[in-house]
Each structure stands twice: as C-alpha cells, then as structure tokens.
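In the text below, chain A, chain B and the rest are named by the order of the sequence lines, each starting its count at 1. In this text, all values refer to a predicted model and were calculated from it rather than measured experimentally.
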There are 2 protein chains.
Amino acid sequence: MDEVASAIADPVRRDILLMLRGTTLTAGEIAHRFTISRPAISRHLRVLRECGLVRDELAGRRRMYRLDAAALTELAEWIALIRAPADWDHRLDALETEVRRTRRERSTRRTAPHGERTEETA
Amino acid sequence: MDEVASAIADPVRRDILLMLRGTTLTAGEIAHRFTISRPAISRHLRVLRECGLVRDELAGRRRMYRLDAAALTELAEWIALIRAPADWDHRLDALETEVRRTRRERSTRRTAPHGERTEETA
DNA sequence: AAAATCCGTAACCTATGGGTTACGCTTCCA
DNA sequence: TGGAAGCGTAACCCATAGGTTACGGATTTT
C-alpha cells in the first residue's frame with residue numbers, strides 16, 4: 001500500500017493514470033504530452049508498473065500501457081476506514097441519492113440492463 | 001493533494017491516523033506506542049498537521065491531537081474517478097444495497113435517525 | 001543492409017525524507 | 001521557586017526520488 005500511495009503522490013503519475021482511463025497508450029504517446037524528458041516518464045512508468053497501477057505489453061518496438069485500477073482497492077478501503085466515523089448518517093443519505101441519480105442517468109443513456117428499480121422507498 | 005497522498009504513504013503516519021479514530025491523544029501518548037524516537041514522531045505529526053489530516057490544540061503543557069478526515073476528501077474523489085469506469089453498474093447496485101442495509105442497521109441500534117432532515121443538495 | 005524509430009537503462013546531480021542525539025522553551029508540581 | 005515533565009526544533013547523516021544527458025538494444029522501414 002505504501003508504494004501505491006507514494007506513486008499517486010506525484011502529479012505527473014496521477015496525470016498519466018488519468019490519461020490512461022479507458023484507453024491504452026504507448027510510452028511515446030504518454031511522454032509526448034509532458035514537457036519533462038522521456039527517460040523521466042519512462043521511470044514514472046516503471047514506478048507505476050512496479051506497484052501494479054499499470055500493465056504493459058510489448059507490441060513490436062512499442063510498449064502499450066493500460067490502467068489497472070484494482071491496485072487502488074486496498075488504499076481506497078483504508079481511506080474509507082478512516083473517513084467512516086465522521087458524519088456517517090449524512091453521508092449515507094447523500095450517497096444513496098447519488099447512487100440512484102447516477103444509475104437513472106446511465107440507464108436512460110444506455111439500454112437498461114435489468115428491471116427498473118427506481119421507485120423503491122428507503 | 002500531493003501532500004495528503006505522500007503523508008499517508010508512510011506506515012507510521014497511517015498508524016497514527018488509525019489510532020486517532022474517535023479519540024484525541026497527546027503527542028506523548030502517540031509517541032509511546034512506537035519504537036522510534038519521540039522527535040521522529042513529532043515530525044510525523046507536523047507533516048500530518050501541515051497537510052490538514054490532523055488538528056492540534058494546546059492543553060497546558062501537553063498538545064492534543066485529533067483526526068480531521070476531511071483532508072482525505074479530495075484524494076478519495078480522485079481515486080473514485082480512476083476506479084469509476086470499471087464495473088460501474090454492478091458496483092452501483094452493491095453500493096445502494098449496502099447503503100440501505102447500513103442505515104437500517106444504524107437507525108435501529110441508535111435512538112432516532114436525526115429527527116430533522118436538513119436541506120439536501122441533490 | 002543500413003538507417004531511423006521506439007524505449008528502457010546507466011551515470012550523475014541535487015533536493016527531500018526519515019532517523020538519531022542534543023537542546024530549549026513552557027507548564028506543572030512539591 | 002527549583003526541578004521535572006511534555007514537546008517542538010536544530011543539526012547532522014544516510015538513503016531515496018526525480019530530473020538531466022548519454023547510451024544501447026530491438027524492431028521497423030527504405
């Protein structure tokens with residue numbers, strides 16, 4: 001967990017992770033979006049690799065990178081543990097509201113996966 | 001956000017935050033639970049103070065420390081953003097179930113669920 | 001086959017982090 | 001009122017992080 005936390009403590013690495021959401025990019029494509037040197041990016045990528053936040057795959061002379069968000073789970077759970085005691089009830093209310101709103105929004109934008117359950121009362 | 005992330009990247013500081021859940025402790029009480037020197041703990045506490053994860057208050061010749069979990073919000077939201085795309089619908093289902101279950105459990109265990117429901121921004 | 005491309009590694013420098021011991025300032029107490 | 005208690009700070013040491021330039025090893029292209 002130490003490694004993951006210190007990995008995302010760097011703004012460059014956070015930006016890399018953000019730009020990998022949904023896509024896969026080559027090392028060169030990533031490096032090209034920063035002003036710092038390419039070797040610096042290469043080492044950032046190594047840090048992300050070694051803590052599991054990123055997976056790489058050789059494709060010819062290029063190397064494709066993709067996000068692996070599962071590496072964040074442990075840290076997310078620790079943060080949840082710390083945040084839990086504070087203002088529990090209020091946050092649960094807000095959370096349920098948000099969950100309902102987000103799912104409703106998604107099921108109208110896409111095709112509804114399973115039955116409609118938007119009218120249940122708590 | 002950099003500061004918060006790098007603060008919780010250290011296991012000693014994570015332990016300090018954990019032991020501050022729910023209580024307030026003096027610097028001495030905290031230091032006494034570790035094997036490393038007291039000045040080292042003092043500096044860890046300073047790091048936590050300066051990034052807002054901890055609040056301190058002088059009480060005579062002692063200094064009381066308490067957790068301030070709000071400092072984790074920004075980082076938690078960033079992590080949520082990264083984790084969001086994966087398995088979105090399924091997690092929303094599970095989340096709503098858990099929210100409902102947890103709140104029901106809490107309102108039966110305690111006296112009343114907040115007689116007044118204040119304005120919800122949703 | 002030779003050259004260009006893609007990308008990691010090595011060597012180097014400086015800044016920062018975390019530990020230690022020594023010290024100093026308040027505050028309590030006998 | 002003098003000494004002990006509680007804590008932060010300073011000075012110091014060593015390891016690590018992050019940047020740079022120079023280099024090397026595959027793969028593609030011409």
Report summary line: note: A:Leu45, atom CG; C:dC7, atom P; distance rounded to Å ~ 10 Å
Check the interface with nucleotides 26-30 of chain C: list each N/O to N/O pair with the protein under 3.5 Å, or write none.
{"from": "C:dT27", "atom 1": "O3'", "to": "B:Arg61", "atom 2": "N", "distance (Å)": "3.4"}

Query - Outermost DNA chain D nucleotides near chain A [under 4.0 Å, heavy atoms] - result: D:dG18 to D:dT28
**Report entry** A:Met19 with A:Val47, same ILVMFWY side-chain cluster at under 4.5 Å
**Finding:** no
Query raised in the report: With sequence neighbours left out, which residue pairs that include part of residues 33-47 of chain B fulfil the side-chain hydrogen bond (donor to acceptor under 3.5 Å, both in side chains) condition?
Result: B:Arg13-B:His44
Requested in this report: Apply salt bridge (Lys or Arg N to Asp or Glu O under 4.0 Å) to A:Asp10 and list each qualifying residue two or more places apart in sequence or on a separate chain.
Outcome: none
Report task. Ignoring hydrogens and angles, tell me if any N or O in the side chain of B:Arg66 forms a donor-acceptor pair with the backbone of B:Glu57 under 3.5 Å. Result -> no
Query raised in the report: Under 4.0 Å between a side-chain N or O of A:Tyr65 and OP1 or OP2 of C:dG8?
Result: yes
Query - For atom CD1 of A:Ile16 and atom P of C:dC7, their distance in whole Å - result: 13 Å
Report task. Apply side chain to side chain donor-acceptor pair (under 3.5 Å) to A:Asp15 and list each qualifying residue two or more places apart in sequence or on a separate chain. Result -> none
Query raised in the report: Can you name the residues that form a side chain to side chain contact (heavy atoms under 4.5 Å, CB included) with A:Ser6, not counting sequence neighbours?
Result: B:Ala9
Contacts under 3.5 Å, N or O only, protein and nucleotides 16-18 of chain C:
{"from": "C:dG18", "atom 1": "OP1", "to": "B:Arg13", "atom 2": "NH2", "distance (Å)": "3.0"}
{"from": "C:dG18", "atom 1": "OP2", "to": "B:Arg13", "atom 2": "NH1", "distance (Å)": "3.2"}
{"from": "C:dG18", "atom 1": "N7", "to": "B:Arg43", "atom 2": "NH2", "distance (Å)": "2.5"}

Report task. Quick one: list whatever passes side chain to side chain donor-acceptor pair (under 3.5 Å) with B:Thr73, sequence neighbours left out. Result -> A:Arg83
Report task. Look at B:Ser37 and C:dT20 and indicate whether a side-chain polar atom (N or O) is within less than 4.0 Å of OP1 or OP2. Result -> yes
Report summary line: The single option from B:Leu67, B:Leu48, B:Leu25, B:Leu53 that satisfies side-chain contact (heavy atoms from CB on, under 4.5 Å) with B:Ile16 is B:Leu48
Requested in this report: Check whether any side-chain heavy atom of B:Val54 sits under 4.5 Å from a side-chain heavy atom of B:Leu20, and report yes or no.
Outcome: yes
Report task. Please work out which residues in residues 25-32 of chain A have a non-hydrogen atom less than 4.0 Å from an atom of DNA chain D and list them by number. Result -> none
Requested in this report: Not counting sequence neighbours, which residues clear side chain to side chain donor-acceptor pair (under 3.5 Å) with A:Arg61? List them please.
Outcome: none
Query - salt bridge (Lys or Arg N to Asp or Glu O under 4.0 Å) against A:Asp2, all qualifying residues, sequence neighbours excluded - result: B:Arg14
**Report entry** Earlier contact from the 5' end, DNA chain D, for A:Val12 and A:Arg38
**Finding:** A:Val12
Query raised in the report: Counting heavy atoms not belonging to B:Glu74, are there more than 12 under 6.0 Å from its CD?
Result: no
Query raised in the report: B:Arg55: what forms a salt bridge (Lys or Arg N to Asp or Glu O under 4.0 Å) with it, not counting sequence neighbours?
Result: B:Asp68
